[in-house]
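Heads up, the thing below is written out as structure tokens.
Chain naming here is simple, since letters A, B, ... match the order of the sequence lines and numbering starts at 1 in each. Every value quoted in this text rests on a predicted model; they were computed, and no experiment measured them.
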Amino acid sequence: MLDKTFDPQSVEPRLYAKWEASGVFAPKDDPGAEPYAIVIPPPNVTGSLHIGHALNNTLQDVLVRFERMRGKAVLWVPGTDHAGIATQMLVERQLAESGNMGRRDLGRDAFVEKVWEWKAKFGGNIVRQLRRLGASCDWSRERFTLDEGLSVAVRKVFVTLHKQGLIYRDKRLVNWQPELQTAVSDLEVANVEVNGSMWRFLYPIEGEPGRFIVVATTRPETMLGDTAVAVHPGDERYQDLVGKQVRLPLVGRLIPIVADDYADPEKGTGAVKITPAHDFNDFRVGQRHGLEAINILTPDAKLNENAPEAYRGLDRFVARKKIVADLEALGLLDGVDPNKMMVPYDEKSKLVIIEPYLTDQWYVDAKTLAQPAIKAVEDGRTVFEPKSWERTYFEWMRNIEPWCVSRQVWWGHRIPAWFGPDGAIFVEETEEAALASAQAHYGHAEALIQDEDVLDTWFSSGLWAFSTLGWPEQTKDLARFYPTSDLVTSFDIIFFWVARMMMFGLHFLDEVPFHRVVFNALIRDEHGQKMSKTKGNVVDPLELIDEYGADALRFTVVAMSGQVRDIRLSRQRIEGYRNFGTKLWNAARFCQMNGCVRVEGFDPASVRHVQNRWIRGEALKAARAVTAALEAAQMEEAAGALYRFIWNVFCDWRLELAKPVLAAGGEAAAETQAMTAWTLDLILRLLHPIMPFMTEELWEKTAEAGPPRDSMLITAPWPELPDSYADEVAAAEMALVIATISEGRSVRSELNVPVAAKPPLLVTAAGPRERRVLEENAEAIRQMLRVSELRFDAADAGAVPFLAEGASLALPVAEFIDLAAEKARLAKEVAALAGDIDRTAKKLANPDFVARAPEEVVEENRERLAEAEAAKERLAAALKRLEGFS
RNA sequence: GGACGCGUAGCUCAGCGGGAGAGCAUUCGCUUCACACGCGAAGGGUCGUAGGUUCAAUCCCUACCGCGUCCACCA
């Protein structure tokens, strides 16, 4: 006998171990099986599972389990990302906290060694947590973006792109993170609106004492690096000044006034100071006019030796204050206004202000790589789900900028470039090759120094779709599973990751990396707040799993996954779906208690009892709906269909209606038992992708009676039911029955719209009082129920009216004869009907409607009116009769 | 400044041209022999606002208001 509730704590680990040990997570060998592959979005190796991972990986697991049951050779490649900067920072912090030497004191090799140690110790955390979720990844193929095979792929890609001219070294402005002292890409910069100030300074015109030009700036300290002032060529105010020079205050340098379209006469004073080394726009202006770019900052954003001595060594913000004060003292401060502006912060911490900084870095020619990637989505070789994200993708890809891929950190793929003594660069996959190449270049052996920089983490994760399959080796996995089938990911990494994988995949394998990209929404807390550690509103999925079980969490995130907007997760919601699981569990318990055991060779096509023919049709509908939803990656639709079928159809109606039949015994009971067991089996299979643990457990438990199982549920075949399972006659009869019994005995239900699926008012055994009332009022009840005959079964304490047609349905009535309530309800029905009739009649009286609406709509309304009138009459009559009873 | 999305019951959300829905919460009644993580019932909505298209609009169009996200070089 099953317990009253399912115990996830004890069952989940056992079942997961059983699955994993059995090898079913690996793709099956059958060469005839259609391949289906997903590569996991690799979580940061430093991370622990957050709720977003739970959503993302559950969705993948649902697809994976579904396709596995459909008989495909399914591969879900797991792995983790080395997450260069994030991991390095984390380990640095750990070292500091435990009183160790800092990174720089430790030195590069020792530090990297520490990181590897850290990874060995804690890197398994997140993959263990994925197991708790139930993720059926093939752990034998687990990868790490910094493992040996992937390093080979990274070097090969870098070298190849370099030889093709698609990776190059360039000196230009980058986004500089002064705290870490590394370049970051455009994507790693977050512009945040802040209330700042705009200062206006007077720059004296050289040779015209007493004449000034007024420039405005939000970053006064940059004026030390000014090498020009620009005005618009058409700006009449400054016509005579173009070509003249100003004497840069505090510095004393003479700088030209140039005419450039960039200067907007509408903005500020119309004259703009140009600092080519510290502003992206100014850099371009500087290039156009051949201006010098004077770098005034050190790598940690202090003023350097190019600044006047008074400012050297000052932090940029300290210098800012001093410069403003000094200019004011000189009478050169024209004024200051409050100014709302966007300030570039470091995307991760949002604490450090990014500085435009002039350095040598490696760049990927993203513009060239983007072209095939754009085309592939235009052609539909890769489709986005939902499709609306394609626009975002196109927008970015069509305006893509060179991608800065070098980072001045230590944890990551070291760039395979070596410098000769004269600065010549040798880009090769190995040091040996670089040395050979240098020898050829110089005519003799030369010592080389490898580039200190590492690659952007996204460079290696951009190769993930094929590097994990063994590329550049031509492995069996690569041949079989590339291009992969689906990618399931969050839209916030569409540029970081999806776009880069598209570019690399198409460039190196000439095929898209995946056929479909399924985007999932972001999860917030129940008040719509972003989850963050500082707010303390982070929901730990592991805690939720402990409390409610993995299945409940999985069902919840799946059921909410369809949202376009962000998902607001609440515990109540999870609790509700935990209850849903319990409901199913107890349905199985009911089956067990009532001898609903699987029967060898049972064929649902052969059932005769109307309830059984009906549930067979309902099962068909449910199976269809779930299958279609999962094929379309509409996981939430599948969850909804299952919820309704299991609770509202199977539990509320099928099992309730089966009770009297089962109690009566005989042939009908035997058939009903077998059919119920069959339906439960079907439910377990359909639900398994979303709630794998409970269903597998029930699969095991129900194997104890009846014929032996062929396999675990995880590899049981997905149900494919024949059309012939539908039975319109049974469906119509049951719709009538359900409509009649249920509260929805209104016109709506009777008009045979989809069954309202409200729980029935049923008691299997009526007490003596009900029995008497039923017998006394048989005729009224018969009319109310619209059954042609009402018979009472002496063997049963309850009343059992039969439908005339086939007389096959045992329908327990009983206790709804609470006359007062019944009368009130009927009166209300009648009133509601009157409203319906009125509305419909009005509509039909409208000549425009009759003339112009589609024929079937008019017809439908006519029928509705007729039936409503008939129903009203019927109910009114029943009401009248009931009035005689009290 | 551009783009996208969202405003439907107290809350979280489905629905998206012809009858306003679910779960939770609330109120009432049930320890009925699968399930109190349950069963039955009740209350609760001018479907953001204003126009337009249509015989018909929560659903389509326009504008506006509110909220959110992404992108952008504005001194």
Identify the nucleotide, in any strand shown, that forms a Watson-Crick or G-U wobble pair with [N], with both distances under 3.5 Å; if there is none, say none.
{"N": "B/rC64", "value": "B/rG48"}
{"N": "B/rC16", "value": "none"}
{"N": "B/rG1", "value": "B/rC71"}
{"N": "B/rU54", "value": "none"}
{"N": "B/rA9", "value": "none"}
{"N": "B/rA41", "value": "B/rU27"}
{"N": "B/rC33", "value": "none"}

Flag the pair A/Arg589 and A/Asp3 as a salt bridge only when some basic side-chain nitrogen lies within less than 4.0 angstrom of an acidic carboxylate oxygen.
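No, this pair does not count.
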Contact class for [X] (heavy atom, under 4.0 Å): base, sugar-phosphate, or nothing?
{"X": "A/Ala271", "answer": "nothing"}
{"X": "A/Gly196", "answer": "nothing"}
{"X": "A/Cys591", "answer": "nothing"}
{"X": "A/Asp3", "answer": "nothing"}
{"X": "A/Asp279", "answer": "nothing"}
{"X": "A/Pro854", "answer": "base"}
{"X": "A/Thr217", "answer": "sugar-phosphate"}
{"X": "A/Met342", "answer": "base"}

Taking [M] as the reference, what is the distance to [N] when you measure between their [atom1] atoms (whole Å, please)?
{"N": "B/rC13", "M": "B/rG68", "atom1": "P", "value": "14 Å"}
{"N": "B/rC61", "M": "B/rA25", "atom1": "P", "value": "37 Å"}
{"N": "B/rU8", "M": "B/rG45", "atom1": "P", "value": "15 Å"}
{"N": "B/rG10", "M": "B/rG43", "atom1": "P", "value": "15 Å"}

[X] vs [N]: side-chain N/O to OP1/OP2 distance below 4.0 Å:
{"X": "A/Lys273", "N": "B/rA75", "result": "no"}
{"X": "A/Lys843", "N": "B/rG19", "result": "yes"}
{"X": "A/Asn648", "N": "B/rA22", "result": "no"}

Does the [N] base have a donor-acceptor partner in the side chain of [X] within less than 3.5 Å?
{"X": "A/Arg391", "N": "B/rC4", "result": "no"}
{"X": "A/Glu395", "N": "B/rA72", "result": "no"}
{"X": "A/Lys583", "N": "B/rC35", "result": "yes"}

Testing the basics here: between A/Phe519 and A/Ile494, what is the closest heavy-atom pair and its distance to 0.1 Å?
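A/Phe519 and A/Ile494 have their closest heavy atoms at CZ-CD1, 3.7 Å.
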Between [atom2] of [N] and [atom1] of [X], the distance in whole Å:
{"X": "A/Phe384", "N": "B/rC4", "atom1": "CZ", "atom2": "P", "value": "17 Å"}
{"X": "A/Trp647", "N": "B/rC37", "atom1": "CH2", "atom2": "P", "value": "11 Å"}
{"X": "A/Asn579", "N": "B/rA36", "atom1": "CG", "atom2": "C1'", "value": "10 Å"}
{"X": "A/Phe495", "N": "B/rC4", "atom1": "CZ", "atom2": "P", "value": "14 Å"}
{"X": "A/Arg573", "N": "B/rA25", "atom1": "CZ", "atom2": "C1'", "value": "13 Å"}
{"X": "A/Met223", "N": "B/rA75", "atom1": "CE", "atom2": "P", "value": "18 Å"}
{"X": "A/Met593", "N": "B/rU32", "atom1": "CE", "atom2": "P", "value": "14 Å"}
{"X": "A/Leu844", "N": "B/rA56", "atom1": "CG", "atom2": "C1'", "value": "13 Å"}

Pick the closest RNA chain B nucleotide for A/Gly576 and for A/Arg284 by heavy atoms, then say which residue is nearer the 5' end.
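By nearest-heavy-atom nucleotide position, the 5'-most residue is A/Gly576.
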May I ask you to check whether [X] and [Y] show a side-chain donor-acceptor distance below 3.5 Å?
{"X": "A/Asn520", "Y": "A/Ser561", "result": "no"}
{"X": "A/Thr840", "Y": "A/Lys842", "result": "no"}
{"X": "A/Asp264", "Y": "A/His232", "result": "no"}
{"X": "A/Thr222", "Y": "A/Lys273", "result": "yes"}
{"X": "A/Thr392", "Y": "A/Glu395", "result": "no"}

The single option from A/Tyr643, A/Phe645, A/Phe650 passing ring-ring contact (aromatic ring centres under 6.0 Å, His included) against A/Phe580:
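Option passing the ring-ring contact (aromatic ring centres under 6.0 Å, His included) with A/Phe580: A/Tyr643.
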